[in-house]
Amino acid sequence: MTAPPRPTTPAMLRIFEELNAHLAAATQRAFPAAAAGQPLDPQLAAASKPEFGDFQANGALALAKPLKQAPRAIATAIVNQLNADTSFTALCLPPEIAGPGFINLTLRPERLAHELRQRLGDPRLGVPSVAASAPVVVDFSSPNIAKEMHVGHLRSTIIGDSLARVLEFRGHPVLRLNHVGDWGTQFGMLITHLKQEAPEALSTADAVDLGDLVAFYRQAKARFDADEAFQATSREEVVKLQGGDPVSLKAWGLLCDQSRREFQKLYDRLDIRLNERGESFYNPYLEAVVADLEASGLLVTDDGARCVFLEGVLGKDGTPLPVIVQKRDGGFNYATTDLAAIRYRFAEPPEGDGARRVIYVTDAGQAAHFAGVFQVAARAGWIPKEARLEHVPFGLVQGVDGKKLKTRAGDTVRLRDLLDEAVERAEADLRRRLQEEERSEDEAFITHAATTVGLAAVKYADLSQNRSTNYQFSFDRMLALTGNTAPYLLYAVVRIAGIARKGGDMATAGTELHFSEPQEWGLVRELLKLDGVIAEVEEELLPNRLCTYLFELSQVFNRFYDQVPVLKAAEPARSSRLALCSLTADTLKLGMGLLGIPTLERM
RNA sequence: GGGGCUGUAGCUCAGCCGGAUAGAGCGACGGUUUCCUAAACCGUAGGUCGUGGGUUCGAGUCCCGCCAGCCCCGCCA
């Protein structure tokens with residue numbers, strides 16, 4: 001939709017900005033003429049390999065052509081300017097020119113230690129909070145009333161929650177909206193069918209249980225597809241409902257309550273907070289949507305339906321595709337609701353949310369739908385100039401066979417069953433391990449650890465993959481104790497907790513830091529990357545970047561743990577290393593918290 | 001027919017406004033435990049980045065064609 005400027009996303013944001021300014025100034029001093037036209041971009045980036053230092057600047061290569069000079073000569077001139085700048089030399093070791101003309105920058109160790117010390121005892125671990133922000137809407141999960149949550153809701157729920165957590169941590173007021181399917185044709189079908197088959201369900205709470213309701217829904221859908229008379233009755237029922245008919249409304253309310261309670265069980269289990277604001281919420285605004293579109297001259301009546309024809313999107317016959325906002329029978333559809341939602345979310349309170357960023361976490365199959373709806377909203381003038389409206393698409397959940405995930409019987413996998421199995425498998429693993437290691441733990445410990453590991457595995461496996469591709473679901477892989485998995489990360493935290501139990505003082509706020517080993521410096525550098533990673537996730541809405549970071553941090557920590565003694569070290573190394581352990585644990589806990597994953601002390 | 005997404009090592013995947021010899025995990029093979037949980041660590045092997053062009057000093061990354069898989073395409077959401 002709107003295209004904001006891409007932010008730079010390196011390690012250590014503040015230092016990055018500082019270096020960038022130094023480089024730009026040095027380049028300008030070295031080549032004043034080159035700055036006359038375009039602003040100079042030093043093309044500063046995180047070093048692509050550790051041996052290149054902390055940062056690399058690639059700008060000299062790009063200047064070679066306009067300046068008609070060899071890139072290494074340009075780099076040399078820039079470096080000479082940098083070396084003459086004492087505020088730069090206080091920050092960095094002398095830059096090195098490498099390859100065709102890269103400028104490699106290595107931060108002074110004392111500066112790294114200084115940055116690290118500032119993060120010790122800082123609850124935000126160096127991640128800045130935004131000063132003030134308009135609300136951000138994250139629209140995710142969105143199951144349908146009268147259906148059970150299934151594997152199809154997994155990704156939206158987990159990814160949406162994580163994005164919301166990251167945005168909240170950055171200080172944005174986040175509206176976590178559950179746009180449940182509680183309106184529309186499906187309800188017409190269901191209510192019509194229930195009137196005939198189980199009328200008590202429409203007047204008495206919980207007269208049928210949810211499983212039966214799901215079965216009724218399936219039957220209703222089948223009748224709707226096959227029986228024209230039923231279709232017509234269902235459509236009339238929708239119109240009645242949308243018109244506020246009390247009998248229909250009561251039935252509708254009962255169905256919603258029942259489903260809502262079931263959804264909440266799963267949200268509680270996954271520790272996900274959501275505000276329900278279903279499609280029905282926008283019912284009072286649907287007329288205004290159509291009126292607005294009419295007033296702005298976008299509306300066309302075609303074959304009885306009121307549509308907006310899209311620009312640049314052609315159908316089979318080469319004519320523009322419509323977005324239908326009012327059906328021939330007078331009813332509204334999901335496009336109308338989505339438009340009303342966009343309009344409401346960007347509108348100022350009290351008749352709106354006043355949001356300036358609206359994020360939809362839905363499967364990639366809806367990309368075309370959202371593109372169309374977004375275009376209409378833009379042309380209708382409902383999107384403020386500085387606002388962002390983003391569809392965050394994700395791929396399908398597939399089985400290991402590469403096909404859409406199903407049960408052995410061929411049914412959709414219920415979310416509840418999927419979580420149960422993950423926890424059961426985690427528990428079986430844990431019990432086997434306890435037996436092998438001749439450890440003894442009480443049942444409460446086993447239940448807690450297995451639940452945490454099982455749910456963490458499901459969440460992490462999903463989040464750690466770039467969401468845009470299809471996702472191959474495998475219990476074996478996600479619960480593996482090695483590799484880029486939740487158990488591996490959880491274990492790193494457990495190791496640090498072990499050090500604390502064995503006498504390591506983790507209250508390290510005032511510690512003098514003295515590092516000598518490469519494993520220590522490796523960990524220091526990794527720890528300082530957190531702020532950049534968070535900024536990147538906030539901008540690109542890709543939780544897998546955070547996962548990659550946490551995995552790499554765990555790897556670097558495990559190497560450190562394996563190769564460098566902590567408790568047995570002499571001072572001042574011991575305290576410095578304890579500080580690293582403490583900050584690593586804090587960083588992992590914070591990062592996993594942003595993924596919606598709690599950590600353990602022992603496992 | 002039109003549109004979108006995807007195609008990188010045997011498998012699952014990273015690859016951040018184009019930048020140095022394309023990375024990781026799993027699996028395979030080999031090694032490490034008197035020491036803070038070995039659920040770990042160290043090493044080896046393994047890739048024409050689907051394919052053919054183009055742009056560029058430089059392309060897995062940008063543009064065009066083609067191939068393959070998946071998804072979407074007016075009154076369902």
Side-chain angles (χ1 to χ4, degrees), chain A residues 5-10 41 43 45-46 48-49 52 56 58 61-62 64-65 71 98-102 104 142 144 181 183-186 189 221 224-225 279 302-307 313-318 321-329 331 333-335 337-338 362-369 371 393 395-396 398 400 402 404 429 433 437 439 464-466 468-470 472 474 477 480-485 487-488 490-492 494-504 532-533 536 539-540 542 544-545 548 551-552 555 558-559 561-563 565-568 581 602-603:
Chain A
R6 292 183 63 86
T8 48
T9 54
D41 182 3
Q43 296 192 21
S48 57
K49 290 188 177 184
F52 299 151
Q56 61 184 66
N58 307 333
L61 289 99
K65 201 165 193 182
F102 300 106
N104 289 340
S142 308
N144 289 320
W183 212 236
T185 309
Q186 50 182 1
M189 296 189 244
K221 171 79 173 134
F224 187 84
D225 291 341
E279 295 170 337
D302 188 74
D303 197 14
R306 315 198 75 191
C307 323
V313 185
L314 302 181
K316 289 177 192 172
D317 53 2
L321 273 179
V323 168
I324 293 175
V325 296
Q326 189 160 23
K327 299 186 285 184
R328 196 169 21 196
D329 63 11
N333 61 11
Y334 62 99
T337 307
D338 281 337
T362 80
D363 70 276
Q366 298 189 49
H369 162 67
L396 295 172
Q398 301 175 319
V400 281
K404 197 171 172 183
D429 270 2
R433 181 171 309 281
E437 295 170 6
R439 280 169 62 192
S464 61
Q465 190 135 150
N466 187 317
S468 62
T469 50
N470 288 345
Q472 210 173 88
S474 161
R477 279 202 288 267
L481 308 169
T482 57
N484 188 7
T485 64
Y488 180 87
L490 288 170
Y491 179 60
V494 164
R495 281 185 138 180
I496 300 169
I499 291 176
R501 275 197 303 277
K502 289 279 167 71
V533 173
E536 193 175 322
E539 179 59 30
E540 316 243 350
L542 289 172
N544 67 304
R545 296 273 165 81
T548 299
F551 174 55
E552 285 170 357
Q555 281 186 307
N558 275 328
R559 189 171 306 138
Y561 179 93
D562 192 66
Q563 298 168 5
V566 176
L567 292 176
K568 293 194 167 69
C581 290
R602 293 191 302 122
M603 63 191 279

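Across B:U12 and B:G31, the matching C1' atoms stand 26 Å from one another, rounded to whole Å. Taking atom C1' in both B:G60 and B:U48, the straight-line distance is 13 Å, to the nearest Å. Across B:C72 and B:C26, the matching P atoms stand 36 Å from one another, rounded to whole Å. Here the separation of B:U61 from B:G43, taken at their C1' atoms, is 32 Å to the nearest Å. Only the P atoms considered, B:C13 is 13 Å distant from B:U6, to the nearest whole Å. Rounded to a whole angstrom, the distance from the C1' atom of B:C75 to that of B:A9 is 49 Å. Look at the P atom in both B:U55 and B:C64: the space between them is 15 Å, to the nearest Å.
The shortest distance between the side-chain N/O atoms of A:N58 and the OP1/OP2 oxygens of B:A20 is not below 4.0 Å. A close approach under 4.0 Å does occur between a side-chain nitrogen or oxygen of A:T469 and OP1 or OP2 of B:A14. Distances shown here put every side-chain N or O of A:R545 at or beyond 4.0 Å from the OP1 or OP2 atom of B:A14.
Both thresholds, 5.5 Å between centres and 30° between ring planes, are not jointly met by A:Y561 relative to the base of B:A40, so the two rings are not stacked.
Annotated stems with RNA chain B as a participant read B:1-7 with B:67-73, B:10-13 with B:23-26, B:28-32 with B:40-44, B:50-54 with B:62-66, given as range with range, by first number; only runs of 3 or more Watson-Crick or G-U pairs under 3.5 Å qualify.
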One character per nucleotide, please: for nucleotides 69-77 of chain B, 5' to 3', B when the base has a protein heavy atom closer than 4.0 Å, S when only the sugar-phosphate does, - otherwise. -SSSSBBSB
Taking protein heavy atoms under 4.0 Å as touching, what does nucleotides 21-27 of chain B look like 5' to 3' if B marks base contact, S marks sugar-phosphate-only contact and - marks none? S-SSSS-
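A donor-acceptor contact under 3.5 angstrom links the side-chain atoms of A:N104 to the base of B:A20.
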Output, in order, the C-alpha distance, side-chain angles, deciding distance and verdict of side-chain contact (heavy atoms from CB on, under 4.5 Å) for A:Q56 and A:N104. CA-CA 5 Å; A:Q56 61 184 66; A:N104 289 340; 3.6 Å; yes
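Residues passing the side chain to side chain donor-acceptor pair (under 3.5 Å) test with A:N558, sequence neighbours excluded: A:Y488, A:R495. Partners of A:F52 according to the ring pair (Phe, Tyr, Trp, His ring centres under 6.0 Å) rule, which considers only residues two or more places apart in sequence or in another chain, do not exist here.
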Output a table of nitrogen or oxygen pairs between the protein and nucleotides 54-58 of chain B separated by less than 3.5 Å.
residue : atom : partner : partner atom : Å
B:C57   : OP1  : A:K65   : NZ           : 2.1

